[in-house]
There are 2 protein chains.
Amino acid sequence: MLTAIYTSVGELVGEGADKISFPIIAERAGVNPTTLYRRWDDVNALLEEVAVAALTGDGESVPDTGTLEQDLTEWANIIAHDITRPERARYLRAMVSARVEIVSSCPVTEKRREQASEMVRRARERGETTPTVQQILDHIIAPLYYNVVFALQVDHEYARRLVRDVLAMVR
Amino acid sequence: MLTAIYTSVGELVGEGADKISFPIIAERAGVNPTTLYRRWDDVNALLEEVAVAALTGDGESVPDTGTLEQDLTEWANIIAHDITRPERARYLRAMVSARVEIVSSCPVTEKRREQASEMVRRARERGETTPTVQQILDHIIAPLYYNVVFALQVDHEYARRLVRDVLAMVR
DNA sequence: TGGTTAAAGCAAAGATCATTGCGTTTCGAC
DNA sequence: GTCGAAACGCAATGATCTTTGCTTTAACCA
């Protein structure tokens, strides 16, 4: 039931459907539109729910290579590779347009913060000088997402440059 | 005519209207909905047009204080102050959701790039060591916009920290 | 002034969405 | 098994959107 709905939304988003409405989602999911109208306030609410699930879902394990630079580079590459996939990019856009009011946190950011914290913690235990977690979010995550959301290109070279920049701050 | 439509859209966005449709825009603008249906493909196309005009419109003069650090700080503050205004944030969201397909450039980014270029050029003429324009975009603009779009808070302290971070890269 | 063309208004029709009341199913508790 | 609550399906209704053909206005140019 719920998974059918999520799948339906996922397919529509993946296909780049221009119009995504409750009736359309319901038909593909094999449920009655009324169900959707009753459970979610509007399409954006459902869309955001699915987007968050999709964007935070797969429990990517954080790289652990022995140096923070290598960890961050691989991590940035994974993220860059992930969020440039068309359906991921669409989810991001959907999430952005969905949250109409200012809220205090964003699930996606929080996940990245946790991942960054882990890498930084390990690096510090090794005695490395590290940027702060916030610096990593500001100068690696933010540019990556910014460029995806505003429709510019993101590649491995770009991800690598971001890592070098942020590490240059603390040298 | 066109300005009435733009004004109508601007008001609706500013008021945080949940539903923005051609008929609603048309009524407030005192025009016939048919006109809008004929001129724009859909609401998002019109919305993006107005958003771009609003976000790149006012010809903010770039700070020229004598040092790049001060220039960047004031500039970042201006931007932070501007894009955290609810209607500006809304425009940003509208723009994001409007551009469904990957395009090569974003009008807002381009304007910021020009502004950053000017400040960097002046700083270099004074003999300052500067970050690249791209670094400024990546590490000041991107975090600011990212935080607005993903509904976190942006204040002057944050803007200042970004400037310090990016300058630390080149020291 | 008169003619031509592009844009806007008007009205009607159909499509899609959104809401609501009511009957049915499901599932757990007793 | 039976009861009750919650969720879902169904169908009808009204609202809103979207399209289309035709008319009218406006602007531009000979």
Side-chain angles (χ1 to χ4, degrees), chain A residues 1-54 57 87 90-101 103 107, chain B residues 1-54 57 86-87 90-101 103:
Chain A
M1 168 87 281
L2 218 173
T3 62
I5 295 171
Y6 273 37
T7 303
S8 171
V9 172
E11 289 176 1
L12 288 168
V13 170
E15 295 169 8
D18 44 341
K19 305 274 184 181
I20 298 184
S21 66
F22 277 156
I24 293 174
I25 297 169
E27 190 207 14
R28 187 178 298 225
V31 301
N32 196 288
T34 314
T35 302
L36 307 185
Y37 283 110
R38 290 211 172 99
R39 192 187 299 218
W40 290 278
D41 284 344
D42 52 29
V43 179
N44 276 340
L46 169 57
L47 249 173
E48 181 178 20
E49 198 172 301
V50 178
V52 168
E87 63 271 32
R90 277 210 188 77
Y91 271 129
L92 277 178
R93 295 164 188 287
M95 251 194 62
V96 168
S97 60
R99 51 182 58 236
V100 290
E101 282 310 317
V103 294
Chain B
M1 167 89 279
L2 217 173
T3 64
I5 296 171
Y6 273 36
T7 303
S8 170
V9 172
E11 289 176 1
L12 287 167
V13 170
E15 295 169 7
D18 45 339
K19 305 274 184 181
I20 298 185
S21 66
F22 277 155
I24 293 174
I25 297 169
E27 191 206 14
R28 187 178 296 225
V31 301
N32 197 286
T34 315
T35 302
L36 307 185
Y37 282 110
R38 290 211 171 102
R39 192 185 301 216
W40 289 277
D41 284 343
D42 51 30
V43 179
N44 276 340
L46 170 56
L47 250 173
E48 181 179 19
E49 200 173 300
V50 178
V52 169
E87 63 272 30
R90 227 175 268 281
Y91 271 129
L92 277 178
R93 294 166 190 287
M95 251 196 61
V96 169
S97 62
R99 51 182 58 237
V100 290
E101 281 311 318
V103 294

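All values below come from the heavy atoms of this structure, side chains included, with hydrogens, waters and symmetry mates left out. Residue numbers start from 1 in every chain, and the chains themselves are labelled A, B, ... in the order their sequence lines are given, proteins ahead of strands. Just so it is clear, the model here is predicted, and its values are computed rather than measured.
- Atom pair W40(B):CH2 and dC17(D):P shows a separation of 17 Å (rounding to whole Å applied).
- The two atoms that bring I20(A) and V43(A) nearest to each other are O-CG1, 3.4 Å, heavy atoms only.
- Residue R39(A) holds its CZ atom at 11.0 Å from CZ of F22(A), rounded to the nearest 0.5 Å.
- If you take CD1 on I5(B) and CH2 on W40(B), they are separated by 4.0 Å, rounding to the nearest 0.5 Å.
- Look at Y37(B) and you'll find a side-chain N or O under 4.0 angstrom from OP1 or OP2 of dT18(D).
- Two residues, T34(A) and I24(A), neighbour DNA chain C, and the one matched to the more 5' nucleotide by heavy-atom proximity is I24(A).
- Taking atom CD on E27(B) and atom P on dC17(D), their separation rounds to 10 Å, with Å as the unit.
- We find that R28(A) and E15(A) are joined by a salt bridge, their nearest charged nitrogen and carboxylate oxygen being less than 4.0 Å apart.
- Listed for the S8(A) side chain is no donor-acceptor partner under 3.5 Å among the backbone atoms of A4(A).
- When the side-chain nitrogen and oxygen atoms of T35(A) are compared with OP1 and OP2 of dG9(D), one or more of them lie within a distance under 4.0 Å.
- dT19(D) atom C1' lies 15 Å from atom CG of D42(B), rounded to whole Å.
- In this structure, CG of L2(B) is placed 16 Å from C1' of dA27(D), rounded to the nearest angstrom.
- Contact annotation: R38(A) side-chain N/O to dA6(D) OP1/OP2 distance is not under 4.0 Å.
- A distance of 12.0 Å separates CG in L36(A) from CG in D42(A), rounded to the nearest 0.5 Å.
- Residues N32(A) and K19(A) both approach DNA chain D. Their nearest nucleotides, taken by heavy-atom distance, put N32(A) toward the 5′ side.
- Chain B approaches DNA chain C within less than 4.0 angstrom (heavy atoms of the protein), and the contacting nucleotides run 5' to 3' from dA8(C) to dA18(C).
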